[in-house]
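Every number for a ligand or one of its atoms is a count from 1 in the order of the listing. Throughout, numbering of the chain's residues begins at 1 and tracks the sequence. For clarity, every value in this text was computed on a predicted model and none was experimentally measured.
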Amino acid sequence: MKEYYAARAKEYDKIYSKPERQADLRLIETWLPQNYIGKHVLEIAAGTGYWTQFIAPVAASLVALDSSAETFEVARNRVSEKHVQWLIGDAYEIPMPDPLFDASFAGFWFSHVPKSRRREFLIGLNRVLQKGAKVIFLDNSYVQGSSTPLTESDDEGNTYQHRTLADGSLHSVLKNFPTEYELIESIDGLGAHPAYRTWQYFWAFEYEVA
Ligand SMILES: C[S@@+](CC[C@H](N)C(=O)[O-])C[C@H]1O[C@@H](n2cnc3c(N)ncnc32)[C@H](O)[C@@H]1O
């Protein structure tokens, strides 16, 4: 996964050009930043900064974490706010901040977390967030004809897609499409006030740290 996204950095943003997804993207780009006004935000797996560019202008500060230096090369050219810090690191071992963040966002990340690591990720995230902090995960829904077909599943129920990069290399990438119920279940004891919303091609799941 880490190696795949490092290799894909320069061509990653093609997914944001799919014509059929443009209407949804404009709606989300308006909705999402409203949740982060004046907040000290931790963005998990920020990648090429597509969502950072909408959140950073309204946030008080933003730490963008990603395992790939290559994706940050793209992100740095896109986001100019001085209060953004680019941090290379592991979403499963988030460094302890001082003070704790009061909001968090992860775009197209939760779908790549293996089912067996969801709790580990969520507990680690809670550790660095204040009680009551708003968390939003944004991701895509499986839409026949637009989404890359699922090719296989493993013993714990994770699903995979075969993806080909411009250099011809083929990658099997873990990509899950969790239900609303699964999302609510995953934050049991960790989060309160869950809310799930959908657009035609995307879903968002929000909660507050308990
Ligand atoms: C699907 S991309 C999402 C990028 C961005 N959030 C967006 O919505 O456009 C997933 C990102 O997760 C990063 N990543 C993969 N494994 C990671 C890990 N263990 N810790 C932090 N980032 C990771 C990849 O480098 C990649 O940028």
Side-chain angles (χ1 to χ4, degrees), residues 1-18 21-22 24-29 31-33 35-36 41-56 59 62-79 84-95 97 101 103-125 127-128 135-142 146-148 150 158-165 169 171-178 199 201-205:
M1 165 82 173
K2 286 186 194 173
E3 293 71 23
Y4 166 72
Y5 277 106
R8 190 183 158 193
K10 287 200 173 63
E11 55 190 282
Y12 181 77
D13 286 340
K14 278 191 206 157
I15 54 153
Y16 291 114
S17 332
K18 290 196 177 192
R21 300 189 184 186
Q22 297 308 306
D24 276 6
L25 287 169
R26 298 298 89 75
L27 292 171
I28 298 167
E29 289 159 13
W31 164 75
L32 186 67
N35 294 281
Y36 296 104
V41 182
L42 170 65
E43 183 178 355
I44 300 288
T48 57
Y50 186 85
W51 298 103
T52 323
Q53 72 182 323
F54 301 108
I55 299 172
L62 188 150
V63 172
L65 178 83
D66 200 283
S67 59
S68 155
E70 289 85 348
T71 61
F72 278 170
E73 279 171 29
V74 180
R76 278 203 179 89
N77 286 324
R78 175 177 258 161
V79 179
V84 174
Q85 185 194 340
W86 305 101
L87 185 64
I88 294 173
D90 189 348
Y92 298 101
E93 289 180 31
I94 306 167
F101 299 100
S104 185
F105 170 71
F108 305 85
W109 162 252
F110 198 77
S111 55
H112 295 293
V113 176
K115 292 185 175 191
S116 58
R117 297 195 79 179
R118 282 180 183 167
R119 288 293 287 187
E120 172 193 350
F121 163 65
L122 291 167
I123 289 167
L125 180 60
R127 260 181 69 245
V128 300
V135 178
I136 301 179
F137 299 142
L138 173 70
D139 228 299
N140 54 311
S141 307
Y142 190 84
S146 180
S147 302
T148 308
L150 299 174
N158 299 301
T159 48
Y160 293 79
Q161 295 172 329
H162 281 173
R163 299 184 183 179
T164 310
L165 294 180
S169 59
H171 303 257
S172 177
V173 178
L174 187 154
K175 176 78 179 179
N176 288 323
F177 293 88
W199 295 264
Y201 292 93
F202 303 96
W203 58 262
F205 181 63

Distance flag, aromatic centroids of Trp51 and Trp109, threshold under 6.0 Å:
no
Of Ser67, Ser111, Ser68, Ala91, the one whose closest heavy atom lies nearest atom 15 (C) of ligand 1 is Ser67
Using heavy-atom distances only, which candidate in Tyr50, Trp51, Phe108, Tyr16 approaches atom 9 (O) of ligand 1 most closely?
Tyr16
Quick one: does Trp109 get an N or O within less than 3.5 Å of an N or O on ligand 1?
no
Does an N or O anywhere in Leu65 fall below 3.5 Å from an N or O of ligand 1?
no
State whether the side chain of [X] and the backbone N or O of [Y] hold a donor-acceptor pair below 3.5 Å, judged by distance alone.
X	Y	result
Asn140	Tyr201	no
Asn35	Leu32	yes
Asn176	Thr159	yes
Gln53	Tyr50	yes

Quick check on [X] - does any of its heavy atoms sit under 4.0 Å from an atom of ligand 1?
X	answer
Asp90	yes
Gly89	yes
Asp66	yes

Which of the ligand 1 atoms, numbered from 1, are nearer than 4.0 Å to a heavy atom of Gly47:
4 (C), 27 (O)
Which of the numbered atoms in ligand 1 are below 4.0 angstrom from a heavy atom of His112?
1 (C)
At what distance, to the nearest 0.5 angstrom, does OH of Tyr36 lie from CZ of Phe54?
14.0 Å
Residue portion contacting ligand 1 (non-hydrogen atoms closer than 4.0 Å) for Ala46
backbone
Do NZ/NE/NH1/NH2 and the carboxylate oxygens of Asp24 and Lys18 come within less than 4.0 Å?
no
